[in-house]
Amino acid sequence: MLIHPWDAALGDDEWRHWLGTHDFGQLAVNGLDGEPPFVQPLHFAYDPERAEVVTHLARPNPIWAALEAAPRVTLSVVDDYVFVPGPWHAPDGAPPEHGTPTSFYAAVQLLCVAHIVDDAQLKAELLHRQLAHFQPDGDYAEVAPGQPPFGRMLPGIRGLRLEVADVRAKFKYGGNKPRAMQQRVTGLLARRATGHDAAAREHQLRRLAAPPEARS
């Protein structure tokens with residue numbers, strides 16, 4: 001992923017806060033023997049204290065052999081994307097149709113080392129971490145090997161712990177454009193108000209408000 005200086009995260013807090021509100025992404029794993037990569041959509045729970053992600057997949061999933069052969073993987077999360085029409089970026093004095101269209105989006109890629117979890121008790125603990133994230137009210141039964149209701153299902157899954165080795169974060173919201181143009185676009189996003197416009201506008205306003213030394 002190309003990250004220009006003006007699209008880079010303002011700091012670790014920016015991408016960590018954003019990732020903390022996202023828990024669905026795509027896991028990219030190198031294919032076997034020249035085969036194309038596996039790209040697996042999945043829910044996950046990110047643990048910033050341990051710098052790791054936990055998830056699980058069905059045992060018959062064909063991704064496992066690829067993970068065992070090449071455990072270095074990328075978890076990609078993308079959201080808050082919008083299309084910016086060309087006229088919105090037309091320079092002052094130029095015909096509107098001369099403006100260059102573009103995309104705005106937020107993206108975080110976690111470069112990880114994958115660890116497969118097959119021990120029944122460790123899988124149960126991993127599932128409890130996921131359940132605590134997705135059902136924080138605690139409205140779920142205990143997961144215990146050999147015990148109902150979920151114990152009998154444990155053999156049908158494999159756990160996956162992704163140790164985060166590096167992070168690539170990008171917030172592409174027109175940071176290379178003149179400030180007046182960026183401010184104009186925030187107004188146009190508010191006027192259009194469809195899809196992810198509100199979220200994209202929030203990103204752009206936040207980054208506009210950042211001190212100059214935080215913006216490249």
Side-chain angles (χ1 to χ4, degrees), residues 1-30 37 39-55 71-92 99-114 133 162-190 192 194-216:
M1 177 170 64
L2 172 66
I3 305 175
H4 289 297
W6 52 83
D7 295 330
L10 301 176
D12 288 343
D13 286 346
E14 184 176 29
W15 69 260
R16 283 174 178 158
H17 175 77
W18 184 82
L19 188 62
T21 64
H22 291 76
D23 46 29
F24 191 85
Q26 293 185 312
L27 181 66
V29 181
N30 286 329
V39 181
Q40 174 66 50
L42 46 70
H43 274 103
F44 64 87
Y46 172 64
D47 187 334
E49 298 299 323
R50 302 189 194 189
E52 67 180 19
V53 170
V54 292
T55 188
R72 298 188 68 84
V73 302
T74 299
L75 178 62
S76 175
V77 185
V78 180
D79 202 359
D80 304 340
Y81 51 86
V82 298
F83 177 76
V84 177
W88 291 17
H89 275 168
D92 290 341
T100 303
T102 192
S103 300
F104 284 177
Y105 58 86
V108 171
Q109 296 178 351
L110 302 180
L111 281 59
C112 306
V113 178
H133 170 76
L162 304 177
E163 177 188 355
V164 179
D166 199 4
V167 179
R168 298 172 180 162
K170 181 174 183 177
F171 294 86
K172 185 177 182 292
Y173 292 100
N176 60 324
K177 300 297 184 183
R179 188 173 184 84
M181 183 180 289
Q182 293 185 58
Q183 292 169 333
R184 182 175 75 212
V185 171
T186 65
L188 292 167
L189 286 168
R192 187 171 67 178
T194 61
H196 299 288
D197 286 347
R201 182 174 184 269
E202 183 178 336
H203 283 296
Q204 195 169 35
L205 287 171
R206 183 189 67 254
R207 292 172 70 84
L208 276 167
E213 59 270 19
R215 290 182 274 113
S216 300

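Taking all atoms of both residues into account, the shortest heavy-atom contact from A8 to E14 is O-OE1, 4.4 Å. Nearest heavy atom pair, residue L208 against residue R179, reads O-NH2, 2.9 Å.
Using a 4.5 Å cut-off on side-chain heavy atoms (C-beta onward), F24 and D79 make no contact. Annotation: side chain of R192 is in contact with side chain of V82 (closest heavy-atom distance under 4.5 Å). Put simply, the side chain of R207 reaches to within 4.5 Å of the side chain of L10, judged on heavy atoms.
Summarising the local packing, CZ of R72 is surrounded by 12 or fewer heavy atoms from other residues, nucleotides or ligands at distances under 6.0 Å. Other residues, nucleotides and ligands contribute more than 12 heavy atoms inside 6.0 Å of the CG atom of D23. Heavy atoms from other residues, nucleotides or ligands lying under 6.0 Å from CD of E52 number more than 12.
Each of L162, T74, T55 was scored for a side chain to side chain contact (heavy atoms under 4.5 Å, CB included) with L27, with one residue passing: L162.
Atom CG of L205 sits about 11.0 Å away from atom NE2 of H203, to the nearest 0.5 Å. Atom CD of Q26 is separated from atom CZ of F44 by 11.0 Å, given to the nearest 0.5 angstrom.
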CA sep, side-chain torsions, deciding dist, call: V77, L19, side chain to side chain contact (heavy atoms under 4.5 Å, CB included) = CA-CA 8 Å; V77 185; L19 188 62; 4.1 Å; yes

request  = Starting from the C-alpha separation in whole Å, work towards a yes-or-no answer on side chain to side chain contact (heavy atoms under 4.5 Å, CB included) for L75 and Y46.
outcome  = CA-CA 11 Å; L75 178 62; Y46 172 64; over 6 Å; no

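Between the side chain of R184 and the backbone N or O of W88 there is at least one donor-acceptor pair closer than 3.5 Å. No donor-acceptor distance shorter than 3.5 angstrom exists from the side chain of R16 to the backbone of G11, with no hydrogens or angles considered.
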With a 3.5 Å cut-off and sequence neighbours excluded, list the donor-acceptor pairs that the side chains of residues 164-178 form with protein atoms.
from : atom 1 : to   : atom 2 : distance (Å)
K170 : NZ     : L2   : O      : 2.6
K170 : NZ     : Y105 : OH     : 2.9
K172 : NZ     : T102 : OG1    : 2.7
K172 : NZ     : S103 : O      : 2.6
Y173 : OH     : D80  : O      : 2.8
Y173 : OH     : A106 : N      : 3.1

